[in-house]
Amino acid sequence: MRRREHLRALSGLGLFVGATTPDPASAAERALPQVTSRVLANGMRIVVAERRDLPIAAVLLGLRSLPGDDQGRAGLIQLTAEMVASQIEQRPARATTRLQPLELTSQVGADHVEFAGACLSEDIETLVQLLAQGVMRPDLSPQSLLKARTRAVQNLQPGRLQPQQVARRALLRLVYGSHPYARLLPSGLEVAALQPADVQAHHAGCYRPERATLVVVGDVRGTQILERIQALFDCWPCAAPGLQPHLPPSETAAAVPPTSSSTKIYWIEQSTAVQATILAGQVAAARSHSAYLPLALANTIFGGTSLSSRLMASLREKWGYTYTPSSTCTAFTGPGTFEVLVETRNAVCRPALEQLFYELERMGKAGVTEEELRLAKNRFCVGRLLQAQTRFGLARQLLEDSLYTAKTDDCNAPCRLAAAVSAAEILQAVRQYMTSSGTVAVVVGNTDVLAQLRAVWSVNRIDGTRQ
Amino acid sequence: MGESSPALKPAIPVRYAVLPNGLKVVLSEERSLPLIQVGVYYGIGDRLESEGSAGFAHLCEHMMFQGSERISRGEHTRSIEAVGGVLNASTRDDFTSYYQTVPAAALDTVLSLEAERMQNLRLTVANLANQREVVKEEGIGLVKNRPYVGLLYVYLRRKAFDNYHNGHDSVSDFSDIDVATVDSIERFYRTYYAPNNAVLTLVGDIDTDATLAMVHRHFGSIPTRRLLPRINAGEEPQKSERRFLYSDPLAENAAVVIGYRMPSRRSGAYWPLILLAEALLVGEESALRTALVNGGAALQLKGGINFPNGTAFDTNGATLLTILAVAAADIDSEHLAQKLDVAMAAALQRLDEQTLIAAFRRFKLRFYRSLEEGYRLQLLSLLALFDDEPDQINQLLTQLAAVSLESLRAAAKRYLVPANRTLVLVSPGRPRAARSEQAGRP
């Protein structure tokens, strides 16, 4: 009914929305900048895309990592990355590079570590050189570790009690059990226990050329920069001759997390919280699983970051419970998660959670309409275009394509795959991974919130300060 | 300064036109992807609200998605997202913006939708009641559920400024919007949402001439409205330091917040202050970060001109150079403030040509990056809205490159002094975590 009203309204303005709606395939067709790639003899992959409208360049160096830290070593992947990144930032040749501004960050995902740098295009060689030095030959001595560890623990402090972080740390541990992904958000205590030998072994095992891809996007000469990068990284296997590379057991023997069979509600007290934070989730499909893409589209229809999703239409626009409800479907190499985040005033926490469950059940009972699916495909495909507007956005697409599909020459492939997904496949994925019965909900809030929840559900309490 | 080729290269194409009804139109072609960004910027923001209408600009922003005479509630959003586009809106001190990015083929639809809500917004009691709650949730989530944020958005401004327009709380004081009616919001809308108080900007895969004709077709017939005289948001010069104690119930660590009063954006002193902020606060090698964070006294250091409301170019009135320093464990706010003063004095003492060039080049990198991240749309819009000169986007780097070391020192001496600042010593209202969280020995 609403759709017909909409078409009528637009017709009244001399518009017909169908006439301007691009189909997913055509939306995805785009003239990408020229991409040059090369695989070095040591296995490292280099990808360069020229984009010349602004005199800047973005560089991403990605390394396939481990699926989370091993038991007793939570925070190891992150600490190692931070040690490497801080040494890149400190720049040995600081006096001479002071006038070459670089923006450097590191990011640790579930399956890969990423070092990102931006620079004026004339400084690209300096940036790549610093990345090469930092990644291949970092100082992992005990003194360096002590400094990095102290800083890492301190950096964890300010956000440690933020409701969203408290909820996510708890949710990961609840849904993943003994799987290494459960330890994606380490505590200060865990990081403080890490030793130099742990970091050295991790670096020797994971910071290796065959696990690495370096992507450059920007105002550069492709062939020229490719040669320069090759010269810098060709020697990588020789970087640590004294260390025998080995991988901790988690990469090959990650336990499959159990799927919950009934709704579980957990409460974490924060007496000062003026809003309740609800984070509900469950284990979902791995990125290579056939259900992953249907689930990703279902997530777009259900919530995502869309302003016209079912979640937004219900919790915000109909009920006014919240400002920005959202959901995510994580793209992990191993089992991912489907998660829903709602921040709501304390007084309506219970109805907000009930409404969230209602919308999940509605997805599972009736599935999605063909129209919803068509629009979700549009959003998926145009979303990739939107991401490619920035150098880092395009670089990230190329990096993930390289790390997870070993392809960098067909960035329209995900869009074509999405276009082929049917409503039936979505329903099947929803019934497996987006169920109210399989949901674990973590609620961070005050005791009033607890009382509301207890009126409906059996609620388990978690001590958030001890996680 | 000795910095070569400071002008923006390649230059950003800018076509500027003003329709007979007063609507300013900025067109900027960029055809690397088949996408178009469309922004409508209205000359109304928090600062321009009159007494008794705190929060109306933001509430009205939300109501702009609630339907109009010919578009039903939420249909604007659905129409943009249906073609895969993204959209949002924002209320700041001096403007309210509506922006979307869509596939180029959807341009006509977007212009129709924006023209429709510029003239025919439909308000209902139910929609107003609903959005009032949503706005409150947004405000509470932004400033009352996160440490230090309320200080920056609300408390500091209230203490740093004397004029109601600059210091009132539009974010978390809901007393005015609680009594807002359909009539009062309607009056607000009719007062400020007029073509002669707006800028329409298009950036992306457009044909400039054809697009301008399309804009004429959609917006040309919207009637002009009589605008109110510009409000007086001026401030008397500050004569002495203002110092306050504040307990943040959500903070675990002590902190210091400082706001230095800035001169007008059109003042010559504004340009050196932009570079001073860059040198002091931005990047791993900035002077204050090096002294305080690397020196172990602070965990976090953030700031800038007009921080956290936007960039130095996003303001058209009284603004501050704000600094937030969050103390490391066991350091109290008095101690941190002393260290900050020492670090600031040392940094200003050390100002030299190298500092100036490094700050300029860092600004240049961040500026270019921001342009591709969507700021091109906003900057073009604001240069048109505030100054009628959108093509100044191509001159900003030249202006900054002309800053001399003498002007840098003079600006520091005049503006970055205690007598020109408001300082808040923040004590943590939440007990710190157990000491066992500290790092152990290797």
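Proteins come first, then strands; the chains are lettered A, B, ... in the order of their sequence lines, and each starts at number 1.
No side-chain N or O of B:E373 forms a donor-acceptor pair with one of A:Q389 less than 3.5 Å apart.
Of the residues listed (B:R369, B:R361, B:K364), the one engaging A:E103 in a salt bridge (charged side-chain N to carboxylate O under 4.0 Å, His left out) is B:R369, and it is the only one.
Using a 4.5 Å cut-off between heavy atoms, A:T390 contacts chain B through both its backbone and its side chain. For a residue to count as touching a neighbouring chain, one of its non-hydrogen atoms must lie under 4.5 Å from one of that chain's; by this rule B:R366 touches chain A with backbone and side chain alike. Neither the backbone nor the side chain of A:F380 comes within contact range of chain B, judged by heavy atoms closer than 4.5 Å. The part of B:Q37 that comes within reach of chain A is its side chain, from C-beta onward, which places non-hydrogen atoms under 4.5 angstrom from that chain. Only the side chain of A:Q164 comes within contact range of chain B, judged by heavy atoms closer than 4.5 Å. For B:I80, no part sits under 4.5 Å from any heavy atom of chain A, backbone or side chain. For a residue to count as touching a neighbouring chain, one of its non-hydrogen atoms must lie under 4.5 Å from one of that chain's; by this rule B:L35 touches chain A with the side chain only. If you measure heavy-atom distances from B:Q131 to chain A, the contacts under 4.5 Å come from the side chain alone.
Chosen from B:T101, B:N88, B:V293, B:V282, the residue pairing most often with chain A at heavy-atom distances under 4.5 Å is B:T101. Most heavy-atom pairs under 4.5 Å with chain A, from the set B:R132, B:E372, B:K144: that is B:E372. No other option in A:E343, A:R345, A:M312 has as many heavy-atom pairs under 4.5 Å with chain B as A:R345. Ranked by non-hydrogen atom pairs under 4.5 Å with chain B, the options A:E317, A:K318, A:R379, A:R151 are led by A:E317. Per-residue heavy-atom pair counts under 4.5 Å with chain A were compared for B:V86, B:L365, B:V102, B:N127, and the maximum is reached by B:L365. Interface summary for chain A: among B:P249, B:G141, B:A126, the most heavy-atom pairs under 4.5 angstrom belong to B:G141.
Between the side chain of B:E81 and the main chain of A:L307, a donor-acceptor pair closer than 3.5 Å is present.
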> Going through the distances and angles, do A:R316 and B:E137 end up as a salt bridge (Lys or Arg N to Asp or Glu O under 4.0 Å)?
Replying inline: CA-CA 10 Å; A:R316 170 169 153 162; B:E137 287 305 303; over 6 Å; no
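Once rounded to the nearest 0.5 Å, the distance linking CD of A:Q275 with CZ of B:R146 reads 7.5 Å. Distance CZ/B:R31 to CG/A:D53: 14.5 Å, rounded to 0.5 Å. With rounding to the nearest 0.5 angstrom, the NE2 atom of B:H62 is 5.0 Å from the OH atom of A:Y323. Between atom OG of residue A:S308 and atom CZ of residue B:F65 there is a gap of 11.5 Å, rounded to the nearest 0.5 Å. Between A:L385 atom CG and B:L33 atom CG the span is 6.0 Å, to the nearest 0.5 Å.
Scanning all heavy atoms of the two residues, the minimum distance from B:N145 to A:A273 falls at OD1-CA, 3.7 Å. Between B:Y368 and A:I56, the shortest heavy-atom contact is CB-CG2, 3.6 Å.
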